[in-house]
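Read through the structure below, which is laid out as structure tokens, and then see the notes.
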Amino acid sequence: MSEKFELVIIGAGPGGYVAAIRAAQLGFKTVVVEREYLGGVCLNWGCIPSKTLLYVTELKRKIKEASRIGLKAENVSIDLDRLRKHKDTTVKRLTGGVGMLLENAGVTIVNGSASFLSQNELEIVGEDGRKTIKADNFVIATGASPIELPMLRQDGEAIIGAREAIGIPRVPEEMLVVGAGPIGVEMATVYRSLGARVTIVEMLDSVLPTLDSDIGAAQARALKKMGMKLLLSSRVTSSKRNGETVEVVIESEGDSKTHNFDLILVAAGMKPNTSSLNLEGVGVQVDSHGFVVVDDQMRSSVSHICAVGDIAGGMLLAHKASHEGIVAVEALAGSPTRADWKAVPYAVFTDPEVAGIGLTEKEAAEASMEIKVGKFPFRAIGKAVATLATDGFVKIVADAVTDNILGIHVVGPHAGDIVMTGTALMEMDATAEELGHLMAIHPTLSEALVEAGLSVNKHAIHMPN
């Protein structure tokens, strides 16, 4: 049995379901094929559940910290069962919302795993058996999966991935987190706040190594302040189960030591979910890492087959996937819409929060760009002092000749909200001087953003230049 559609979207994560809704708005007869959960990684065991956990653990830390200014609360604790229930309820509510949005848009939903039989036909394997779907156009939005390490084989009990970690199966006494990227540091923050002693191992020489170096250094200080142990420029060389614990050998600066941990979280990066799609068989080009090669309309080497989100490479972010999904279906509908990756914001929800957009200082230097930098600390902002939010700063990277803003990087409370202004500014090719002439509400933390813009040209008001 074969059914014909105008558009098939493979994957119902933030890239796929948003693309499907936009496609329905444009009049496409659309079907979404999803092998597991509506909402994808983000809603089910990524962005949403992790931020639910981080919010609760942050509240606990803030209450403890607020004793300095007169708020007394004795024996603050977290009820793990109620926390898990709140997380699961949040996920269920949001994934159910996605289902309703797709249904209201008139999008057909098919459960199963998809593989291309030809450039215009898919085979779907699901609980109901096998069937084929034909279409004029396709959008692949199958996302990414955690990378597994051969020296740390995950067993779902003592050695786990982010998916299991979100469930908080237990709070260990000694925990090892392998990888100091966003997933690693966020989940390390959660487990440390719940009472675990946490060690983070990172092969590179900094925390959050893909971000601005000042951001990584600030985050390293914050993690140490929370009581975590950081082993940078280090790697796990072997592991073996030793009763209820795992014995691992960690190599640091040529010296190997044996450690025992109750729980190990492997957060060593992500890989694209493209291997089962038979892309090579239908002429869709992938790069050496398995990412689909696309143009700025998200078209692959087969023009009516688009790829969006994590499988298209670049920054692996839910909001980027959604943006690309809209671009792809509008392009397939004949619009000249093109993706613009100049202003892609990111955030890491640690404590303090981290967010940014555009080039880091290192990236600008590697591109042989002549730059100037402005930096303004939250400790010079009245609202930050009043609310114990003095750890952090705003950093602006600007072109030394044109003064155009090239990058904005923030460490501090509500960093993700503050940096959103920078998205608009960079999209409009604004300069640091123009940023410095904006009016920020007083007293707010966003004043640091404006002052950082002034600082680029040594015009900051509330600190010496």
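All residue numbers refer to positions in the sequence shown, counting from 1.
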If you define the side chain from C-beta out and look only at heavy atoms, does anything of [X] sit under 4.5 Å from [Y]?
{"X": "Phe5", "Y": "Thr108", "result": "yes"}
{"X": "Phe378", "Y": "Val411", "result": "no"}
{"X": "Tyr17", "Y": "Leu102", "result": "yes"}
{"X": "Phe28", "Y": "Asn137", "result": "yes"}
{"X": "Arg61", "Y": "Thr189", "result": "yes"}
{"X": "Glu451", "Y": "Met463", "result": "no"}
{"X": "Tyr346", "Y": "Leu211", "result": "yes"}
{"X": "Val385", "Y": "Thr390", "result": "yes"}

Does [X] [atom1] have over 12 foreign heavy atoms under 6.0 Å away?
{"X": "Ile441", "atom1": "CD1", "answer": "no"}
{"X": "Glu427", "atom1": "CD", "answer": "yes"}
{"X": "His414", "atom1": "NE2", "answer": "no"}
{"X": "Arg163", "atom1": "CZ", "answer": "yes"}
{"X": "Lys342", "atom1": "NZ", "answer": "yes"}
{"X": "Met270", "atom1": "CE", "answer": "yes"}
{"X": "Met315", "atom1": "CE", "answer": "yes"}
{"X": "Glu433", "atom1": "CD", "answer": "no"}

Going from [atom1] on [X] to [atom2] on [Y], what distance comes out if it is rounded to the nearest 0.5 angstrom?
{"X": "Asp403", "Y": "Asp429", "atom1": "CG", "atom2": "CG", "result": "12.5 Å"}
{"X": "Asp88", "Y": "Ile166", "atom1": "CG", "atom2": "CD1", "result": "10.5 Å"}
{"X": "Ile168", "Y": "Leu83", "atom1": "CD1", "atom2": "CG", "result": "6.5 Å"}
{"X": "Leu43", "Y": "Arg93", "atom1": "CG", "atom2": "CZ", "result": "12.0 Å"}
{"X": "Ser213", "Y": "Glu361", "atom1": "OG", "atom2": "CD", "result": "6.0 Å"}
{"X": "Lys271", "Y": "Asp310", "atom1": "NZ", "atom2": "CG", "result": "13.5 Å"}

Under 3.5 Å, is there a donor-acceptor pair between the side chain of [X] and the main chain of [Y]?
{"X": "Asn120", "Y": "Ala135", "answer": "yes"}
{"X": "Glu353", "Y": "Gly416", "answer": "yes"}
{"X": "Thr142", "Y": "Ile10", "answer": "no"}
{"X": "His442", "Y": "Gly382", "answer": "no"}
{"X": "Glu447", "Y": "Ala440", "answer": "no"}
{"X": "Asn278", "Y": "Phe116", "answer": "yes"}
{"X": "Arg192", "Y": "Met226", "answer": "yes"}
{"X": "Ser301", "Y": "Gln285", "answer": "yes"}
{"X": "Gln297", "Y": "Ala331", "answer": "no"}
{"X": "Asn465", "Y": "Ala460", "answer": "yes"}

Considering all heavy atoms, the nearest [X]-[Y] contact:
{"X": "Ala19", "Y": "Gly325", "answer": "CB-O, 3.6 Å"}
{"X": "Ile396", "Y": "Gly453", "answer": "CG1-N, 3.9 Å"}
{"X": "Ile215", "Y": "Val410", "answer": "CD1-O, 3.7 Å"}
{"X": "Ile63", "Y": "Ala73", "answer": "CG2-CB, 3.7 Å"}
{"X": "Ala105", "Y": "Ala24", "answer": "O-CB, 3.3 Å"}
{"X": "Ile311", "Y": "Pro272", "answer": "CA-CB, 4.1 Å"}

Side chains of [Y] and [X]: any donor to acceptor distance under 3.5 Å?
{"X": "Thr337", "Y": "Glu330", "result": "yes"}
{"X": "Ser145", "Y": "Asn273", "result": "yes"}
{"X": "Gln119", "Y": "His304", "result": "no"}

Side chain to side chain contact (heavy atoms under 4.5 Å, CB included) assessment of Val178 paired with Arg235: CA-CA 8 Å; Val178 181; Arg235 64 191 183 100; over 6 Å; no

Verdict with reasoning, Ile381 to His462, per side chain to side chain contact (heavy atoms under 4.5 Å, CB included): CA-CA 8 Å; Ile381 296 295; His462 291 92; 5.9 Å; no

Salt-bridge contact Asp391-Lys225 (side-chain N to carboxylate O under 4.0 Å):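 The answer is yes: the pair qualifies as a salt bridge.
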
NZ/NE/NH1/NH2 to OD/OE distance under 4.0 Å, Asp295 and Arg338: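 Arg338 and Asp295: not salt-bridged.
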
Lys60 and Thr57: CA distance, side-chain angles, deciding distance, side chain to side chain contact (heavy atoms under 4.5 Å, CB included) verdict: CA-CA 5 Å; Lys60 180 185 176 184; Thr57 54; 5.6 Å; no

Evaluation steps, side chain to side chain contact (heavy atoms under 4.5 Å, CB included), between His409 and Asp214: CA-CA 9 Å; His409 307 280; Asp214 285 344; over 6 Å; no

Among Leu332, Val327, Val294, side chain to side chain contact (heavy atoms under 4.5 Å, CB included) partner for Arg299: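 Per the side chain to side chain contact (heavy atoms under 4.5 Å, CB included) rule, the option paired with Arg299 is Leu332, out of Leu332, Val327, Val294.
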
Salt bridge (charged side-chain N to carboxylate O under 4.0 Å, His left out) evaluation trace for Lys51 with Glu186: CA-CA 9 Å; Lys51 276 55 187 180; Glu186 286 186 356; 2.8 Å; yes

